[in-house]
Structure formats: structure tokens, C-alpha cells
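Written below as C-alpha cells is the structure these notes are about.
Note that ligands are numbered from 1 as they come in the structure, with each ligand's atoms numbered from 1 the same way. Note: hydrogens, waters and symmetry copies are ignored here, and every other heavy atom, side chains too, is used.
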Amino acid sequence: MQNKVVFIGAGSMAEALIAGIISTEYLDPEQVVATNKTNQNRLDYLKDTYNISVTQNKQEALSQADVVVLAMKPKDVELALKDLQPYLTRNHLILSVLAGITTNFMEKVIGFEIPVIRSMPNTSAMVGKSATAITKGSYASEQHVEKVQSLLNTIGTTIVVKEEDMHAITALAGSGPAFYYYMVESMEKAAEEVGLESEIAKPLIMQTIAGVVEMLQSSSDSPSELRRKITSPGGTTQAGLETLDNYHFQEAIMACIKNAATRSEELGKQK
Ligand SMILES: NC(=O)C1=CN([C@@H]2O[C@H](COP(=O)(O)OP(=O)(O)OC[C@H]3O[C@@H](n4cnc5c(N)ncnc54)[C@H](O)[C@@H]3O)[C@@H](O)[C@H]2O)C=CC1
Ligand SMILES: O=C(O)[C@@H]1CCC=N1
């Protein structure tokens, strides 16, 4: 059980984490505090929705904090850490969700030996289904990792990885949901074009994805074998797949993941 978790940054990712932590009752609402740059309306929304505490006073927030979650954009982290630095101590555990930003960078800006853990969750945390990776900085212990894992297990699964894997993981699992949503958007558009009502298409699309996930989890067949079993020679699936190949679907997906991973590296280097 944590004592108090303070969110520095109160955007979509902070909300997804807060929703998970509160809905699983891992923490009581009074053990969660959120703060942001200036947007009081946003803090009021989080307070009203999750019953958590909110404040613009960072010194007060940190004085009670056990875990400090960094949830601002990567470009804002340096300034944010410099603002927080006077109130940070070695007893704080820093938990970052920022894309691209290394533990080493955060340790350097803070300037003393403070435990830092870098994580990459995704917005499916809202429904307890995040695929979260974590890696520890130079001054974080195994106990710190366990503490963070028990916190992040409230929002889905966690896996401990080497820090150099984080860029690829950010592309695959952090950004990943957006790529699947884009596929669904495209399916919905296509359904409309072929004349299906959205009330009919939507549930079919969702159940199809749910079935695919369950098959991938339970079947010993590889994805390509599962695909082969659907593809009758000269049939509808073959016609669709040939079209995807003509549009270089696989190359597009591979370039998408590589480009997102490269962007994560760039976000780290811009610091
Ligand atoms: N949105 C996503 O799916 C995911 C986002 N992330 C990471 O989460 C972080 C936040 O992303 P979003 O929630 O999407 O962004 P967002 O733009 O929705 O929220 C950013 C928040 O940071 C606050 N902020 C900015 N500067 C600050 C400062 N100096 N002190 C305190 N608060 C400050 C803003 O007021 C805002 O509340 C990013 O670093 C991103 O890389 C990680 C995984 C997934
Ligand atoms: O797009 C981004 O930079 C963030 C990191 C992973 C998901 N969203």
C-alpha cells in the first residue's frame, strides 16, 4: 500500500492511471493528489470525477508525497523538474510515464541520488488493460520496482525491461492503441461505404477484434497460420489481402512502428 501518490500533470495519461488506481480501490481517493500547470477546470473535473485531492501548490503536494508521478509532455519535463527540485528528497520515488525521457536525464536534472522508475503505460489503463513496461534508474532498488509494479498492476499488466528497449515498447504498446483505433476507424468508414448502418457495423467490428485477441491468446497457431485458415483460395479474404498487399500494408505497419520508436529516441535527445 502506498501512502500518497502525487501526479505532476493532469492530462489523459494521468487520468487513465487515476481511474485504474481508484476503481480497483488500490488507493483511497484521499491518497491521490493531482496538480498541473495552470488549468484549474481540469483539476476540478478530476476532483469531481474521482474524488481525489487537487492543488496548484506543488510544495504542499510533495510534502505529503510518497510516489511522484511525472505525467507532463516530454518537452515540459526539464522545467517541471527544476520547479519541483527544491521540494524533492531521497525518500520520494519518481515514476515517469514520459515517452523518450531517460532515467539518466531525470536523475541529472534533479541532481542528487533519487530513485527514478521509467514506465510506458497506455490509455487502456482506463479499463484496467494497459500493457505497461517499466525500467529502473541508477538509484532505484528492487523494492522500488516492486512498489511500482503493485501500483501499476492496478491498470493492467506490467513487465520489467531493459531501458534500451523502451523506445520500441513506446511505439508498440504506448502508441499501439492509436494504431489499432485507426484500423477500426478505417473499418467503420469502409462499412459505411459498402452500405452498412453503423449500429450494425460497430458491434460486429468490436466482437471480431475481441475474438481475434482471444484466438491469439488461446491458440497454439501463429498469426499467419490463423490468417491462412480464414483464407479460402479464390475467396473473399484472399481478395482483401491482395488489396492490402497492393497497398504495402505490412511495410506501412513496419515503418509506422520504426518511425514511432525513432520519434521516442528523438524526444529523449531534444532534452
Ligand atoms: N496519451 C497517451 O496515450 C500516453 C502518454 N504517455 C506520456 O504521458 C505524458 C502525458 O501525456 P498526455 O496525458 O497525453 O498529455 P496531456 O497534454 O493530456 O497532459 C499533460 C499535462 O501536463 C501538465 N503540465 C505541463 N507542464 C507542467 C508543469 N511544469 N508542471 C505540472 N504540470 C505540467 C499539463 O497542464 C497537462 O495537465 C507524455 O509525456 C506522454 O509521453 C505515455 C503513454 C501513453
Ligand atoms: O504520442 C505520444 O508521444 C505518447 C507516448 C505514447 C503514446 N502517446
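- An N or O contact shorter than 3.5 Å is missing between Lys58 and ligand 1 by distance.
- Looking at Thr38 next to ligand 1, no N or O pair under 3.5 Å apart turns up.
- Among the atoms of Pro121, none of the N or O lies under 3.5 angstrom from an N or O of ligand 1.
- When heavy-atom distances to ligand 2 are checked against 4.0 Å, the residues falling inside are Ala99, Gly174, Ser175, ordered by chain and number.
- At least one N or O atom of Ala99, backbone or side chain, sits closer than 3.5 Å to an N or O atom of ligand 1.
- Across Ser12, Ala80, Gly9, heavy-atom proximity to atom 29 (N) of ligand 1 is greatest for Ala80.
- Among the atoms of Ile8, none of the N or O lies under 3.5 angstrom from an N or O of ligand 1.
- Of the candidates Lys73, Gln56, Lys75, the one placing a heavy atom closest to atom 12 (P) of ligand 1 is Lys73.
- Within the 4.0 Å heavy-atom cutoff, Asn39 does not count among the residues contacting ligand 1.
- Residue contacts with ligand 1 for Pro74 involve both N, CA, C or O and side-chain atoms from C-beta outward (heavy atoms, distance under 4.0 Å).
- From the protein, the heavy atom lying nearest to atom 9 (C) of ligand 1 is Met72 O, 3.3 Å.
- Closest to atom 3 (O) of ligand 1, if we only count protein heavy atoms, is Thr123 CG2, 3.3 Å.
- Proximity of Arg42 to ligand 1, defined as any heavy-atom pair under 4.0 Å, is not found for any part of the residue.
- Of the protein's heavy atoms, Val97 O, 3.1 Å lies nearest to atom 42 (C) of ligand 1.
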